[in-house]
Amino acid sequence: MPELPEVETVRRGLAPIMEGATVERLELRRPDLRFPFPDQFAEFLEGQQVVSVGRRAKYLLVDISNGQVVIMHLGMSGSFRIEEDAIGDTTPGVFHHEKTRLAAHDHVTFHLRQQSGRIARVIYNDPRRFGFMLMCKRSELVDHPTFKNMGVEPVGNALTPDVLAQALLKKGAPLKSALLDQRVIAGLGNIYVCEALWRSKLSPKRKAGTLVKASGKPTDRLVTLEKHIRDVIADAIKAGGSSLRDHAQTDGSLGYFQHSFAAYDREGAPCRHEGCGKSISRIVQSGRSTFYCSSCQR
DNA sequence: CCGACTACCTGCCCGC
DNA sequence: TGCGGGCAGGTAGTCG
């Protein structure tokens, strides 16, 4: 499921449940996902309090009271769901834990006690196991190999036409591939790159560097692209992300941005640009599907 | 250094 | 109905 808007939606679901809660127990049902879980993962977390649930690009960052950060990536098929026990068991010393109803591919459970005394479980499910969980000291996070060369966020003030121009300068790669590169902009994935290029009427096949002037300044078309990248990400976050293949949010509800796709997964369907009349094509670039209108995207 | 390709893993959908 | 092939939102490692 997860590009930046989906991960942000997950973050917003987890934060009110996890922040301030104590991890009573971490339950791992296998030794690894894509990578082995960190050494002493459970020992580091159990008894600690969750300080905050943040996000960088497509990564969730859970700050822990002992100064560690849990780094979580959902891969292609990772999701979280929350189970909260009914109120009424908050008497000190009374530990009434309801039983988790496990599903296939439930790999991790965070057993939490909230400050109210309420019991909650945060359960990570990931059929393909492309997701992973890492841990490091908060003070070392920016130097962590995962984040060291990461590009700017497309939300907030970091992304500007000038920043994008610098990142694309002299790049010979197709624009589509360049925008998927997390060192350029961090958090874009296949869906939102296709959508941003369609909105900008830019060809995914165009060499990325052609949007930068010799002076290193952005062309007008790059200014437009930068705006559409910000817009499509903001629109998707507002919609609660995209729910493909029945992917649900932490509360089980579905995002609805997939109903707003103009290009992604619309092969053969009519292009929605005013007066175009052509249909959306599917091509493969760097081994990934690109959906675009070969008539109006130039 | 850059860009293209492959592996990783399960599930689903389609055509035969 | 069953089976094989292709495809899926991701990253990381390899190779030319």
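Values below: all heavy atoms of this structure, side chains included; hydrogens, waters and symmetry mates excluded. So you know, we letter chains A, B, ... as the sequences are listed, proteins then strands, and number each from 1.
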Value in whole Å for how far the P atom of B:dA7 lies from CZ of A:Phe35: 16 Å

A:Val155: side-chain contact (heavy atoms from CB on, under 4.5 Å) partners, not counting sequence neighbours: A:Arg55, A:Glu153, A:Ile233, A:Ile237

Consecutive-pair stems (at least three Watson-Crick or G-U pairs, under 3.5 Å) that include DNA chain C: B:2-8 with C:10-16, B:10-16 with C:2-8

A:Glu6 side chain near A:Phe257 side chain, heavy-atom distance below 4.5 Å: no

Distance, rounded to the nearest Å, where A:Gln182 contributes CD and C:dG10 contributes P: 8 Å

Minimum-distance nucleotide (side-chain atoms of A:Phe132 versus C:dG10, C:dA12, B:dT10): C:dA12

Side chain of A:Arg129 - closest among C:dA12, B:dT10, C:dG10: B:dT10

C:dC7 OP1/OP2 closer than 4.0 Å to side-chain N/O of A:Ser289: no

Qualifying salt bridge (Lys or Arg N to Asp or Glu O under 4.0 Å) pairs, either residue in residues 221-230 of chain A, two or more places apart: A:Glu226-A:Arg230, A:Lys227-A:Asp231

Beyond-backbone contact of A:His228 with A:Ser200, side-chain heavy atoms, under 4.5 angstrom: yes

A:His105 NE2 - B:dC9 P separation (whole Å): 13 Å

Touch class at under 4.0 angstrom, heavy-atom based, for A:Arg34 against every strand present: base

Atom pair distance, as rounded to whole Å: NZ in A:Lys207 and P in B:dC2: 15 Å

Atom P, compared across C:dG6 and B:dT6: separation rounded to whole Å: 13 Å

Touch class at under 4.0 angstrom, heavy-atom based, for A:Gly131 against every strand present: nothing

Check: A:Tyr192/A:Ser242 side-chain N/O donor and acceptor closer than 3.5 Å: yes

N-O pairing of A:Arg81 and A:Asp106 below 4.0 Å: yes

d(CD, A:Gln249; C1', C:dG9) in whole Å: 15 Å

Integer-rounded Å distance: C:dA12 C1' and A:Leu33 CG: 16 Å

Nearest listed nucleotide, side chain of A:Phe130, among B:dC8, C:dA12, C:dA8: B:dC8

Nucleotide C:dG9, atom C1' - distance to NZ of A:Lys58 in whole Å: 8 Å

Nearest-angstrom distance from the residue atom CG of A:Asp265 to C1' of B:dC12: 13 Å

